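Accompanying notes for the structure given below.
Residue numbers start from 1 in every chain, and the chains themselves are labelled A, B, ... in the order their sequence lines are given, proteins ahead of strands. Note that this is a predicted model, so its numbers are computed, not measured.
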There are 2 protein chains.
Amino acid sequence: MGRENAPSRNGLTMVNLRDVARLAGVSAATASRALAQPQMVSATRRADVERAAAALGYRHPNAAPEPGSWRSLGLVVPDMENPFFASIAKAVQRRARAAGLAVLVADTEDDALLEAEPIAQMRALVDGIILCSPRMPDAALAELVGGPEVLLVNRRSDHLRSVVIDNRDGVRQALAHLHALGHRHVAYAGGPRASWSDSERRGGLEPDYHGIGDLRTTPLGHFPPTFSGGVAAADLLIASGATAVLAHNDLVAFGLLERLRARGVDVPGELSVVGFDDVPAASFVNPALTTVAVPLDRLGRAAVDLLLDPDALVESVEPQGAETTTPSRLLPVSLVVRGSSGPARAVAPSATARA
Amino acid sequence: MGRENAPSRNGLTMVNLRDVARLAGVSAATASRALAQPQMVSATRRADVERAAAALGYRHPNAAPEPGSWRSLGLVVPDMENPFFASIAKAVQRRARAAGLAVLVADTEDDALLEAEPIAQMRALVDGIILCSPRMPDAALAELVGGPEVLLVNRRSDHLRSVVIDNRDGVRQALAHLHALGHRHVAYAGGPRASWSDSERRGGLEPDYHGIGDLRTTPLGHFPPTFSGGVAAADLLIASGATAVLAHNDLVAFGLLERLRARGVDVPGELSVVGFDDVPAASFVNPALTTVAVPLDRLGRAAVDLLLDPDALVESVEPQGAETTTPSRLLPVSLVVRGSSGPARAVAPSATARA
DNA sequence: GTGAAAGCGCTAACAA
DNA sequence: TTGTTAGCGCTTTCAC
């Protein structure tokens, strides 16, 4: 009689190509061609067959397993050892498991050129991809439309949906905090040039944005988003004459703290340090780091939820203005004040720093 | 004429069920039954057919994709936010990519009960699994034989192959270092009860093993392998009267450092602290942590290599004695001396600690 | 238990 | 461009 996979699958009666053909009013051969070689059939016929197939829920027996059958999800991060991404990965993993999805992870080693390959590899395997802090140019991102959906984290694009945090507002909060402590000159130890977050945070430094009158901000340059990057920035910081510094992220802030200690600069006595992200270790270091807390778990959760359901309810602030054509969720951040920031001193730290 | 997937696949001529039947000397129908419903055919016939199918490399067209076709690998870790596992995950990822494998990651949230589920889920999806520091009982591990191979990291078992580090020797090195600095009483801030590493490290504390005559070791108890665990252990440490402490891992050591600072105990002046793992942050904290360096990247690499090729060449020390029936690679560790360990003082720290 | 034959779903060759 | 027809690989029915 019937054949193993033909008459039924999972107890339900399967629809034949014959059924589709009958509903579309064509022969089985035409239906076959319409679905397999669309260019070999007239547009009208093709539309008829496709509509019929969709109506009946027809699936080709030899086709790849349907997306819903072995649900999985890809996660691409620049550096798994960076606690920022480790926390996001954990959150994504947790949420994905709750939804019954497996998570494939790729580490791009902080290399923009290495991003393309794992993404391409993943697209064949997963039903959706979460792309964290991609460094690749926007044009390359545009290539990712079609196929399994790609959702951006920590970057906005005109071509893909995204979940981002309110970087500018985070900077504003940090500056307001430092200003209230009496600081009038704040340095910024920036991140990589290709980093979207960094350019956003620089935007927050603009007087037009933060609106604090008597505050001077000095970018120190671009540094790797790591401990070493912070170490490298510290001496420039001391030479800048600023009384406080905002770091691109917590790792950079850790490097700053280390080098400032080595240089004999007291924190927060002589210089205040503020980080960004609120990585777990931020409360472990000494002095504990004042930092802009990013809701890492919510970020990961929201990414998964939005990937699965574009209309998912995500706690987010209203995206200000229609800057992009693709929808993006904006998550609020909040400053966490700890020991590394304090009242400004009259004397600049460079005067007291020991060689 | 031929059919899409029948006459050839990837340019090679596919073998039919007919071919198998012919070689086995049976009809196509019998061959079909022998492979699909083995109980409906005699044992001899079945054996014939199976042998023929194997000889010709026959694969059922509608069967699941062969394991070799979309190579992937599962990685199970207790906590992705723990930098120890983050580093291993990164190393595994790097090696896997070089071999063209995708990596599926599962985080068991430090919960022994949560381990079983992701493992079961993964077995259906991947070609091999790397299981890091599993907490599950040995009996449960035994259930994992058969199916995609499971390789243990950081734990030895009679049932599965493994890659482990020389925990005891690490402890011995740390104790020898402290003894040379004049310490005669060393405390141990232990890890979780179910942790294999912890029990191994406790083994290294035994005088019979380390062979240092005038050295007393005091286990302080079992603590979570986290920063908080270290904080909790610190007060017990001070009360113990020991002049040095070996922590289960670096995170615990960080917690110890933090709490000792809060209690006003100088490190290494009054108390020396030694960690285990040499996590990246170990060189960032202040004072920088003396610790037993575990070759995390090599550990991850070796795990992948051994999974792919049981005979892979891995730099390892000779496993001492035939303790287990299953082969396991033993990776050497080496002490890294930094600022957190120094000469012992005559006065015990409890005398000077401020309330 | 086994083989011959009929049946399934699908695609490719062929003629119109 | 379309339907008819033939053919593929596999399974199951049916008789023995």
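For A/Tyr58 and C/dC10, the shortest distance from a side-chain N or O to OP1 or OP2 is below 4.0 Å. Between B/Ser32 and D/dC10 there is no side-chain polar atom (N or O) within less than 4.0 angstrom of OP1 or OP2. Proximity of B/His60 to the phosphate of D/dG9: no side-chain N or O atom is located under 4.0 Å from OP1 or OP2. In this structure, B/Thr30 reaches the C/dG3 phosphate: one of its side-chain N or O atoms is under 4.0 Å from OP1 or OP2.
Applying the side-chain contact (heavy atoms from CB on, under 4.5 Å) test between B/Tyr58 and each of B/Leu35, B/Asn16, B/Asp19 identifies B/Leu35 as the sole match. The residue from A/Asp111, A/Asn154, A/Asp107, A/Thr108 that alone fulfils the side-chain contact (heavy atoms from CB on, under 4.5 Å) condition with A/Pro78 is A/Thr108.
Looking at B/Arg95 and B/Asp305, a side-chain N of the basic residue comes within less than 4.0 Å of a carboxylate O on the acidic one, giving a salt bridge. A salt bridge links A/Lys90 to B/Asp79: at least one charged side-chain nitrogen sits closer than 4.0 Å to a carboxylate oxygen. A salt bridge does not link B/Glu117 with A/Arg97: none of the charged nitrogens is closer than 4.0 Å to a carboxylate oxygen. By the 4.0 Å N-to-carboxylate-O rule, B/Glu115 lies too far from B/Arg135 to be salt-bridged with it.
In this structure, the separation between CZ on B/Arg22 and OG on B/Ser27 is 12.5 Å, given to the nearest 0.5 Å.
Sorted by residue number, the members of residues 35-53 of chain A with any non-hydrogen atom under 4.0 Å from DNA chain D read A/Val41, A/Ser42, A/Arg45.
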Shorter than 3.5 Å, N or O on both sides, protein versus nucleotides 14-16 of chain D: list them out with atom names.
none

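The interatomic distance linking B/Leu17 (CG) with C/dA4 (P) rounds to 14 Å, in whole Å. Here C/dT11 presents its C1' atom at 13 Å from CZ of A/Arg18, a figure rounded to the nearest Å.
Closest approach of B/Ala28 and B/Leu17 over heavy atoms only: O-CD2, 3.8 Å.
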